Structures are given as structure tokens and as C-alpha cells.
There are 2 protein chains.
Amino acid sequence: MTKQFRGSPEEADLRRADSLAREIFSDVANKWAFLIIENLGERTLRFSELRNEIEGISHKMLTQNLRMLERNGLVVRTVHPTVPPRVEYTLTEPGRGLRATVDGMCDWTHTYLGHIEAARRRFET
Amino acid sequence: MTKQFRGSPEEADLRRADSLAREIFSDVANKWAFLIIENLGERTLRFSELRNEIEGISHKMLTQNLRMLERNGLVVRTVHPTVPPRVEYTLTEPGRGLRATVDGMCDWTHTYLGHIEAARRRFET
DNA sequence: CTGAATCCTTGCAGATACTG
DNA sequence: CAGTATCTGCAAGGATTCAG
């Protein structure tokens, strides 16, 4: 299908942007990332604090997702060279931008909790 | 820790609501669900149309996620008893409600595409 | 066309242990 | 305390096949 397609630079750019957007989407649209963003909010939290806040997340998932968020520039990681080490995480501006979305989803969940519960009961037949 | 906890009905309800909310969150906060919701939008689409719209989704993932969304009352599934069968999917009101959130995330992605790209380059060092 | 069921592979995610 | 590495299982997800 790409055969004989006029490959203008603009088109190439659009393709790259689209695939990147899709990639970011895949990275960030998962529950742990959302929960981290939601729990960070305007605060600055340590690794262990986050671990305690987010019920059910494992050490490994937390580090993995924090790395991912850092890589994409949604959180900043600051290391205090003390002993014991103290590592803190904060949302960046893009991170705070996404927080609005996540907040929206939380609101949505609570708004429609009843609808959904009813739908589930209806479904089990 | 639940030992000796005053289990008032209100508290029990809150707990149930919380765990349900968390469950819904886990169900819905995944990329395929988001992409389905985004692509459905205000339209009504057939299974095969959705399959074509959402690049990279497998037959199985599409059915699984549609079932999940149907179960939670975010989409309705209408079967036309023709031959060959024709099955259409549409967002419900809760589904359209969530669409606002998903749209927000799409906007966010495009807004910060540059930031993120830059952050990634910075990270690879 | 839609969807369920089957196999089969892969990679996720938990547990554990070890460094700085 | 924070992070990495290794091992292991189990479940997600792809390909295929069959049914309605």
C-alpha cells in the first residue's frame, strides 16, 4: 500500500508523530501509571511513600512505571545524596497536564458507579 | 487490622464502592478500551468496522474488550438477525461520559508530543 | 460476519536476594 | 531506603479452527 506513495517530508512527519502518539498512549494508558499520577498530584513523594499510598502495587511495578514516566518526562526524579538515600518524585508540567485527564476519569467512575453496578447485574443472565 | 473495627453499614458501603471503583478503573484504564471508545465516538460501528479502524487490534482483543465494555454498560450491542449477521456497537451515556476523558488524553498527547520527544532524548544518556 | 474455543508462545509480574 | 538482577509461573494475547 505504501508503493508509489508520494512521500513528502510533511507526510513522513505526520506518520512519525502518529506512531509516537500511539506509543505514548500505550505507555501511559495503564492503571498503574494513572494511579501514580493521581497519587502524586501536587505533592512530592518518596518512593516508599508512593508504595504505601498505592495499594497493591509491587516494588517492581512501581519502579518500572516510575522509570517509564520519567523517560517520557511526566515525573522528575531527584536523588538526595544522603544516607540512607532519599529519592523524591514530582509531576512535571506535562505530568500535571495529564492529571486533569486522570482526575476526570476518577470523577467519571464515581458518577457512574451506580449505572455500572446495575449494568453488571443485568449482564449476568 | 479489621479486627474490632466498628463496621457500620455506611463504612461497609464505602468500602464496597471503593473496591468496585478500583475494579472498574482496572478494567477500563487500558489502551484497547480507550481506543475503542475514542473510535466509536458518536458513531455506531460494526464489529468489522471497528476492527479496521483500530490498527493493530486482534480479533480476540476486540471481542474481549467489547464484552468488558458491554458488561460495564459503556457500550450497547445490537444484533440484527440477518444473514450474514450484523452486529453494531454504540456508546451508552456513561460511555460517552468517559469519552470526554479519553478525548482529553488525546489532546494531551498531541499538546506535549514535543516535550515528550525531547524528554526521551534527554533520558538516553 | 461474528464469536467462541483451542492451542501455543511470549512477556509480564511476583518473589527473592544482592548492591550502593 | 532505593534500585537492580535473576528465576519462575502464569496469564495475556496471537493464530487458527469451528459454529451459528
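A, B, ... follow the sequence lines: proteins, then strands. Residue 1 opens every chain. Not measured: the values here are computed from a predicted model.
In this structure, A:R46 reaches the D:dA2 phosphate: one of its side-chain N or O atoms is under 4.0 Å from OP1 or OP2. Side-chain N/O atoms of A:T63 include none lying less than 4.0 angstrom from OP1 or OP2 on D:dA2. Proximity of A:Y89 to the phosphate of D:dG3: a side-chain N or O atom is located under 4.0 Å from OP1 or OP2. Close to D:dA2, at under 4.0 Å from its OP1 or OP2, lies no side-chain N or O of A:R51.
Contact record, B:L45 with B:R43: CD1-NH2, 3.9 Å, taken as the closest heavy-atom pair. Nearest heavy atom pair, residue A:H115 against residue A:R122, reads O-NH2, 4.4 Å.
Here the C1' atom of nucleotide D:dG3 and the CZ atom of A:R71 are 19 Å apart, to the nearest Å. In this structure, CD of B:E70 is placed 13 Å from C1' of C:dT2, rounded to the nearest angstrom. In this entry the distance linking CG of B:L66 with C1' of C:dG3 reads 11 Å, nearest Å. Spacing between atom CZ of A:R86 and atom P of D:dG3 amounts to 13 Å, rounded to whole angstrom units. Nucleotide D:dG13 holds its C1' atom 13 Å from the CG atom of B:L62, rounded to whole Å. Protein atom CD of A:E88 is 12 Å distant from nucleotide atom P of D:dG3, rounded to whole Å. One atom, CE of B:M68, and another, C1' of C:dG3, lie 17 Å apart when rounded to the nearest Å.
The hydrophobic clustering, which links ILVMFWY residues whose side-chain heavy atoms are closer than 4.5 Å, places A:V79 and B:F123 apart. In the hydrophobic clustering of ILVMFWY residues, with side-chain heavy atoms under 4.5 Å counting as a link, B:V76 and B:M68 come out apart.
The nucleotide whose nearest atom lies closest to any side-chain atom of B:P85 is, among D:dG3, D:dG20, C:dG3, D:dG20. The nucleotide whose nearest atom lies closest to any side-chain atom of A:V87 is, among D:dA2, C:dC1, C:dG3, D:dA2. Side-chain proximity of A:R67 to the nucleotides C:dG3, C:dC1, D:dG3 is greatest for D:dG3.
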Polar atoms only, N or O, under 3.5 Å: list the protein pairs with nucleotides 12-16 of chain C and their distances.
from   : atom 1 : to    : atom 2 : distance (Å)
C:dA13 : N7     : A:K60 : NZ     : 2.9
C:dG14 : OP2    : A:S58 : OG     : 2.7
C:dG14 : N7     : A:K60 : NZ     : 3.4
C:dG14 : O6     : A:K60 : NZ     : 2.6

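Contact annotation: the side chain of B:L113 approaches that of A:I24 to within less than 4.5 Å [non-hydrogen atoms, C-beta and beyond]. At a threshold of 4.5 Å between non-hydrogen side-chain atoms, the residues B:E38 and B:M105 do not count as touching. Between A:R51 and A:R46 there is no side-chain heavy-atom pair separated by less than 4.5 Å.
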TODO: Would you check, one step at a time, whether the test side chain to side chain contact (heavy atoms under 4.5 Å, CB included) holds for A:W32 with A:I54?
DONE: CA-CA 9 Å; A:W32 291 132; A:I54 303 174; 3.9 Å; yes
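Non-hydrogen atoms lying under 4.0 Å from DNA chain C are contributed by nothing in residues 20-31 of chain A.
With salt bridges taken as basic N to acidic carboxylate O contacts below 4.0 Å, none links B:R120 and B:E117.
With axes fitted over five pairs at each extremity, the angle between the ends of the helix from C:dC1-D:dG20 to C:dG20-D:dC1 is 40° (10° resolution).
The residue from A:T101, A:L98, A:V102 that alone fulfils the side-chain contact (heavy atoms from CB on, under 4.5 Å) condition with A:V28 is A:L98.
Counting only distance, with no hydrogens or angles, the side chain of A:T109 and the backbone of B:A21 share no donor-acceptor pair below 3.5 Å.
Side chains of A:E70 and A:Y89: no donor on one and acceptor on the other come within 3.5 Å.
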